[in-house]
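First up is the structure itself, then whatever we jot down about it.
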Amino acid sequence: MRIIVNGHECDREASTLADLLETEGFSPEFVATAVNGEFVPRDARAGTRLNEGDAVEVVSPRQGG
Amino acid sequence: MRIIVNGHECDREASTLADLLETEGFSPEFVATAVNGEFVPRDARAGTRLNEGDAVEVVSPRQGG
Amino acid sequence: MRIIVNGHECDREASTLADLLETEGFSPEFVATAVNGEFVPRDARAGTRLNEGDAVEVVSPRQGG
Amino acid sequence: MRIIVNGHECDREASTLADLLETEGFSPEFVATAVNGEFVPRDARAGTRLNEGDAVEVVSPRQGG
Amino acid sequence: MVRFYDTEVASRFLLGTARYPSPESLAEAVRRSRAEIVTVSLRRESVGGGKVGHAFWDLVKDLGVKVLPNTAGCHTARDAVNTARMAREVFGTSWIKLEVIGDEGTLQPDPFALVEAARELAADGFQVFPYTTEDLVVAERLVAAGCRVLMPWGAPIGTGRGLNNTYGLRLMRRHFPETTLVVDAGIGAPSHAAAAMEMGFDAILLNTAVATASDPPAMAEAFAEAIRAGRRAFEAGLMEETDLAVASTPVFGAPFSPFAG
Amino acid sequence: MVRFYDTEVASRFLLGTARYPSPESLAEAVRRSRAEIVTVSLRRESVGGGKVGHAFWDLVKDLGVKVLPNTAGCHTARDAVNTARMAREVFGTSWIKLEVIGDEGTLQPDPFALVEAARELAADGFQVFPYTTEDLVVAERLVAAGCRVLMPWGAPIGTGRGLNNTYGLRLMRRHFPETTLVVDAGIGAPSHAAAAMEMGFDAILLNTAVATASDPPAMAEAFAEAIRAGRRAFEAGLMEETDLAVASTPVFGAPFSPFAG
Amino acid sequence: MVRFYDTEVASRFLLGTARYPSPESLAEAVRRSRAEIVTVSLRRESVGGGKVGHAFWDLVKDLGVKVLPNTAGCHTARDAVNTARMAREVFGTSWIKLEVIGDEGTLQPDPFALVEAARELAADGFQVFPYTTEDLVVAERLVAAGCRVLMPWGAPIGTGRGLNNTYGLRLMRRHFPETTLVVDAGIGAPSHAAAAMEMGFDAILLNTAVATASDPPAMAEAFAEAIRAGRRAFEAGLMEETDLAVASTPVFGAPFSPFAG
Amino acid sequence: MVRFYDTEVASRFLLGTARYPSPESLAEAVRRSRAEIVTVSLRRESVGGGKVGHAFWDLVKDLGVKVLPNTAGCHTARDAVNTARMAREVFGTSWIKLEVIGDEGTLQPDPFALVEAARELAADGFQVFPYTTEDLVVAERLVAAGCRVLMPWGAPIGTGRGLNNTYGLRLMRRHFPETTLVVDAGIGAPSHAAAAMEMGFDAILLNTAVATASDPPAMAEAFAEAIRAGRRAFEAGLMEETDLAVASTPVFGAPFSPFAG
């Protein structure tokens with residue numbers, strides 16, 4: 001299934017957002033997530049199914065001004 | 001019938017905006033009008049009935065910056 | 001003998017600058033002096049004769065910017 | 001005889017400032033002159049003898065701000 | 001020539017008609033300003049009246065200039081839009097100087113109501129001259145709404161402070177190379193107007209600095225000259241500012257120099 | 001009219017003649033500036049020569065303007081005095097723009113040598129136009145030396161920075177209400193010249209900003225207009241600057257106002 | 001103490017964490033700034049990752065300061081709102097520095113999207129620190145949306161130009177006497193920060209001027225001192241500026257004076 | 001450390017002792033300023049006196065600071081020289097702040113008398129601290145006369161206008177890289193002092209801005225902090241000012257960006 005992760009188009013089988021984080025090796029407690037522009041809280045990741053063409057954001061803390 | 005003309009509350013019998021201009025002695029071709037905040041074009045004045053409490057504006061050219 | 005002390009014209013008998021300081025009650029060690037616009041060092045005061053019309057300055061420390 | 005004309009050292013035989021202007025081809029009425037830093041008026045040129053090492057200035061109108 | 005929508009005029013000076021000591025003074029100031037466009041307003045007619053407005057309107061018509069009606073004093077988009085419609089009928093022009101005041105202390109425009117009113121008026125066939133700030137995003141919205149003229153303030157109306165934020169105005173000119181930009185309000189002296197024109201602004205609109213001068217007609221002429229001067233200088237290519245001095249008179253050949261030459 | 005010693009002229013713009021792209025450009029710039037006084041200098045004539053100076057001098061004479069010779073490039077009172085004497089003979093005028101440079105980086109005048117040279121030249125019958133700073137004490141010495149004209153800098157020569165110390169210039173104008181004060185040097189744009197005139201200065205002398213413009217004759221005209229504008233504004237009484245806004249269009253009688261009127 | 005919503009801190013200096021030469025330099029700069037609040041952001045985590053963000057987050061936690069996450073780089077209200085929600089989850093704070101960029105050249109805020117996002121976030125329980133301009137009407141909308149802190153720019157981000165429109169900032173302080181006002185962005189030197197504090201602003205937020213200094217930790221300390229100085233001066237009552245000189249040393253009793261005393 | 005002739009001190013803040021509401025206020029202000037040098041003057045002693053001067057002198061001695069006597073109020077070189085000699089005897093120091101006033105309105109120094117007095121005093125063994133303008137030629141003469149410290153004004157004494165001619169001061173710093181330069185007079189706010197230090201000036205001398213503040217001791221501390229801040233910033237390498245914005249938060253990896261990263 002083709003999805004977009006942080007702007008990269010790729011082919012993944014993860015059925016939920018939680019699966020994706022795990023298979024991609026993101027540490028769930030250090031990142032925040034959004035799907036198709038909408039924030040997905042930590043506890044909703046497992047219940048968030050991914051579909052063809054979904055755009056997923058996985059972000060973590062960085063320097064800022 | 002109580003209406004408001006240029007902010008002054010007054011008692012008039014004019015049934016239309018055109019009547020009001022005439023009875024008040026405004027020169028119709030030198031003024032522009034509005035009722036209850038909405039512009040009333042010259043040719044709609046005769047057809048514009050005035051009702052209790054209507055707020056009428058009658059304006060003419062002045063200095064401006 | 002008429003002399004000028006700090007801009008005040010007055011009549012004094014002091015024959016030297018040292019005498020003047022003493023008779024006027026200035027504390028010699030806390031003031032500096034000039035006669036007719038020229039500085040007179042402490043040790044020259046006794047040897048400085050005063051003449052009719054001399055202008056004497058007696059100054060001491062003050063606030064300054 | 002070595003003299004300096006407008007900063008150039010050169011060897012000339014002119015005995016007076018007037019001679020120098022003529023032999024050098026300067027138009028006397030369009031220039032002003034000085035010798036050793038001092039202005040020499042037009043009518044004093046003929047009477048101004050030149051000596052070894054004299055510095056002569058010959059100037060004319062130019063653009064200025 | 002400077003373009004305001006489909007109209008081109010020679011004069012880059014737009015003059016206000018308020019606050020003059022007398023109608024004669026106003027008329028003479030307009031003449032000496034050589035302005036081709038003056039701003040006017042609408043005010044409530046006195047009962048039994050029509051005379052006051054009538055007299056002023058005749059005076060303006062005699063001046064043979066175009067009028068740019070304003071919506072001065074409006075605080076909402078709705079009032080501004082309806083005032084504009086009344087102005088179009090009375091003055092017979094679709095030009096409107098759109099003012100929607102958002103703050104009483106500075107008389108600064110309300111960017112939200114301004115953009116809303118500009119959209120509505122443009123859709124209704126008006127040619128809108130919005131009085132705005134140097135805010136680039138607000139300006140972009142106004143252009144998107146259909147404005148082909150923008151009128152950023154120099155400083156708050158009537159303060160005479162001149163160009164309060166030259167940096168912002170410079171960026172605005174750079175950002176909108178094609179739009180007609182008029183510096184409106186806050187100009188207090190001819191040197192302020194000239195400075196704005198030297199930056200490449202297309203025109204200047206002012207009122208108070210002329211009307212409240214000791215001699216309004218003379219001040220109008222002074223501004224006219226300064227605006228022409230600034231525009232001419234812009235076109236003639238201003239020198240670059242430098243930090244250290246450069247002699248104007250040639251250095252070479254100076255009398256008494258120790259060097260040959 | 002503005003007075004320079006016993007001469008009165010109508011134009012308040014004195015123009016320099018150096019750094020123009022061509023003699024034609026210079027001539028045209030002088031014409032469009034309407035200047036009645038131009039500055040010139042003396043430089044060493046090339047051997048076998050007289051031609052260069054001759055040609056330039058003819059060009060200037062054809063312009064039908066007064067010349068103000070300068071002592072540019074002099075670093076001592078003695079050189080300046082002797083240059084002035086040579087200038088008087090060649091140009092046939094007792095006017096002299098007295099420049100004695102004291103620092104190479106800023107080309108600022110040497111106040112000590114300036115005052116000394118001014119004294120000597122005044123005593124010798126010259127009418128001295130000293131190029132000075134805004135220093136009031138130096139200016140007082142120059143007046144005491146006999147100067148009836150003072151020419152404070154706006155900014156260092158050729159920088160085009162404009163009025164570097166408006167506060168100091170304002171105080172100078174206030175301090176010398178009767179002396180003819182000319183802002184000389186540093187002016188880069190017509191708005192700078194207008195600002196100086198609005199402060200009440202009597203005239204402007206500049207060169208680089210015109211000569212190095214892309215179009216010198218047009219820039220000369222722009223400065224002429226700005227100088228007239230600034231003077232006219234000074235005479236017409238400029239408005240006072242205020243901190244808070246004041247409506248120009250009458251507030252009373254605004255349509256849709258909740259208040260009667 | 002200065003109040004940010006229901007939190008009071010002693011330091012009036014908020015420091016950004018970006019653009020430092022090294023993490024050590026950042027940590028040392030924060031220490032010497034004595035800042036109690038630093039700004040941070042969210043960026044995309046690299047696949048297989050979590051390490052980069054992890055390391056930075058640990059570094060910040062070790063500093064023992066509060067974090068103010070920003071929405072830098074967002075151009076729409078929707079992106080800003082969702083970034084804010086992600087930030088709240090990761091950083092565990094409801095504070096958000098709301099940035100919605102409206103123009104690439106100046107990085108100026110988009111007032112329309114800014115107000116929209118502020119409304120939505122305030123309704124969602126955020127404590128919003130909006131990065132805005134000196135526009136009073138936009139500021140009023142932000143306050144109406146629930147903002148208790150406003151962060152007007154000094155000048156565009158990263159320019160170091162200082163206070164670009166001191167007049168506008170002064171009016172803003174006067175207009176919002178009760179709101180916590182932080183000058184954010186454009187500050188290039190401690191003197192700029194001190195000037196803002198002398199005007200009565202509550203705090204300063206900056207990043208580039210410290211991070212890109214030759215010695216960031218020393219510059220952080222310099223800004224900390226200047227901000228304290230400016231605040232202290234504001235509280236100690238600054239003298240009034242005058243136009244003419246006033247002797248500090250007593251005039252009376254000067255030696256050699258012709259007058260008695 | 002900053003060097004004044006053969007003396008080095010840590011504090012770059014020199015404080016005046018005049019115009020305080022009370023001796024206690026003065027003493028506390030000096031303490032909180034951490035100044036190591038204060039300026040004092042000589043005034044005529046009242047007949048039968050010695051008490052007033054005595055008391056003040058004791059107060060200053062208790063402060064444990066160095067004194068820099070001034071020649072305030074002198075209008076001629078002769079008066080200044082003799083006042084300096086009296087000061088040396090009473091205060092037991094060869095330091096002298098040399099003031100020779102040339103104009104009553106601005107209290108500006110008389111450059112001619114100043115240089116003359118400086119020569120005479122230097123020859124007589126004084127270490128002269130001349131109060132001067134930003135004039136480079138006058139400054140050169142003072143250095144030639146033996147001055148190793150120069151004290152250019154920021155603005156006229158007591159005006160609090162700050163740095164009236166930053167361009168001139170910047171050139172002066174560049175022109176005298178080795179001389180100890182102290183900005184003296186006209187400083188009205190800590191931000192002014194910080195700005196001068198950021199330019200690389202060595203120290204600040206002021207009086208009125210502290211003494212006439214609502215809370216002089218607090219203002220003294222504010223200036224002390226600002227002066228340290230400005231110096232520290234100068235040493236830490238200030239960023240370059242730019243014209244267009246530069247994001248501080250990294251642009252790469254922004255959430256919701258259409259670009260990969």
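A, B, ... follow the sequence lines: proteins, then strands. Residue 1 opens every chain.
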Distance-minimising heavy-atom pair for [X] and [Y]:
X      : Y      : result
F:I157 : E:A247 : CG2-CA, 4.2 Å
F:T159 : E:L244 : CG2-O, 3.5 Å
F:R44  : E:F256 : NH2-N, 3.6 Å

Would you mind telling me which of [options] has the largest number of heavy-atom pairs within less than 4.5 Å of chain E?
options                       : answer
F:E221, F:E99, F:E235         : F:E221
F:C74, F:P156, F:A189, F:G73  : F:A189
F:H75, F:R231, F:R19          : F:R19
F:A18, F:A194, F:A218, F:P190 : F:P190

Pairwise side-chain contact, F:M219 with E:L238, heavy-atom cut-off 4.5 Å (strictly under):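 A side-chain contact under 4.5 Å exists here.
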Under a 4.5 Å cut-off applied to non-hydrogen side-chain atoms, are E:V246 and F:T208 in contact?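 When only atoms from C-beta onward are counted, F:T208 and E:V246 do not touch, as no gap falls below 4.5 Å.
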Distance-only, no hydrogens or angles: does the F:E198 side chain make a donor-acceptor pair with backbone N or O of E:S191 under 3.5 Å?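 Side chain of F:E198 to backbone of E:S191: a pair is present.
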Has E:R43 got a side-chain atom pairing as donor or acceptor with F:P250's backbone, closer than 3.5 angstrom?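 Looks like yes, one N/O pair under 3.5 Å.
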Where does [X] contact chain F at under 4.5 Å (heavy atoms): side chain, backbone, both or neither?
X      : result
E:S248 : both
E:E240 : backbone
E:M197 : neither
E:S257 : both
E:D79  : both
E:D243 : both

Among [options], which has the most heavy-atom pairs under 4.5 Å with chain F?
options                        : answer
E:M239, E:E225, E:R228         : E:E225
E:S41, E:G237, E:A72           : E:G237
E:A236, E:P255, E:G230, E:P216 : E:A236
E:R78, E:Q108, E:E241, E:R232  : E:R232

Between F:T83 and chain E, which part of the residue has a heavy atom less than 4.5 Å away: side chain, backbone, both or neither?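 Contact with chain E: backbone and side chain both.
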